[in-house]
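The next block holds one structure in the form of structure tokens; read it before the comments.
Please read all numbers here as calculations on a predicted model, not as lab measurements. For this chain, numbers begin at 1 and follow the sequence in order.
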Amino acid sequence: MPSKFQTTNLYRNFGIILERLELWAVNPWRRYSLYLLVFLIGFFLGSSLGMINGALSLMDPVGAFFTVVFIELTVKLRRNPNLANKSLVALNIIDMTRIGLLYGLFMEGFKLF
């Protein structure tokens, strides 16, 4: 089995995707719109997860488990020193996803009151 992947154009582009995103987000309007878009996607995922689990009532503990695991992994990834030195945009995208997901889950929870 080969130990190294072929250096195709797709492989090279995935290797530098964070640098390209960092260069694209130099403009503050682009950066803030990207953060807002990621936040809204996280909010949509959180509210969808709450609605689906609430409607089915079958997989509540499993859904809660995967949500907590995802949030804990993003917190651990946030504290990764290798990523912290590389890209501030990637860290903020992780944070906005986590905040949007939690906000969506809280909004679904408040609907039950």
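Two residues are said to be in side-chain contact when any heavy atoms from C-beta on lie closer than 4.5 Å; Asp95 and Tyr35 fail this criterion. Between Ile99 and Phe39 the shortest side-chain heavy-atom distance falls below 4.5 Å. Using a 4.5 Å heavy-atom threshold, the side chains of Phe70 and Thr97 count as touching. Under the 4.5 Å side-chain criterion, counting only non-hydrogen atoms from C-beta, Ser33 is not in contact with Trp29. Looking at heavy atoms from C-beta onward, Leu34 lies in side-chain contact with Trp24 at the 4.5 angstrom threshold.
Each of Leu21, Ile94, Val26 was evaluated against Val89; a single residue qualifies, Leu21, per the side chain to side chain contact (heavy atoms under 4.5 Å, CB included) test.
Taken together through direct or relayed side-chain contacts under 4.5 Å among Ile, Leu, Val, Met, Phe, Trp and Tyr, Phe110 and Tyr103 form part of one hydrophobic cluster. Both Phe43 and Tyr32 are part of a single hydrophobic cluster, where members link through side-chain heavy atoms under 4.5 Å apart. Under a hydrophobic clustering in which Ile, Leu, Val, Met, Phe, Trp and Tyr are joined whenever their side-chain heavy atoms come within less than 4.5 Å, directly or via other members, Met51 and Met107 fall into different clusters. The hydrophobic clustering, which links ILVMFWY residues whose side-chain heavy atoms are closer than 4.5 Å, places Leu40 and Phe106 together.
In this structure, CD1 on Ile41 lies 11.5 Å from OG on Ser48, to the nearest 0.5 angstrom. If you take OG1 on Thr74 and CZ on Arg98, they are separated by 5.0 Å, rounding to the nearest 0.5 Å.
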Just do the side chain to side chain contact (heavy atoms under 4.5 Å, CB included) check on Asn92 and Val38 with the steps written out, would you? CA-CA 10 Å; Asn92 287 336; Val38 169; over 6 Å; no
Side chain to side chain contact (heavy atoms under 4.5 Å, CB included) evaluation trace for Leu91 with Leu77: CA-CA 8 Å; Leu91 289 177; Leu77 189 62; over 6 Å; no
Residues Leu105, Thr67; criterion side chain to side chain contact (heavy atoms under 4.5 Å, CB included); working and verdict: CA-CA 10 Å; Leu105 287 171; Thr67 304; 3.4 Å; yes
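For the salt bridge (Lys or Arg N to Asp or Glu O under 4.0 Å) condition, the pairs that include at least one residue of residues 104-113, sequence neighbours left out, are Glu108-Lys111. Listed by first and then second residue, the salt bridge (Lys or Arg N to Asp or Glu O under 4.0 Å) pairs that reach into residues 27-43 come to none, sequence neighbours excluded.
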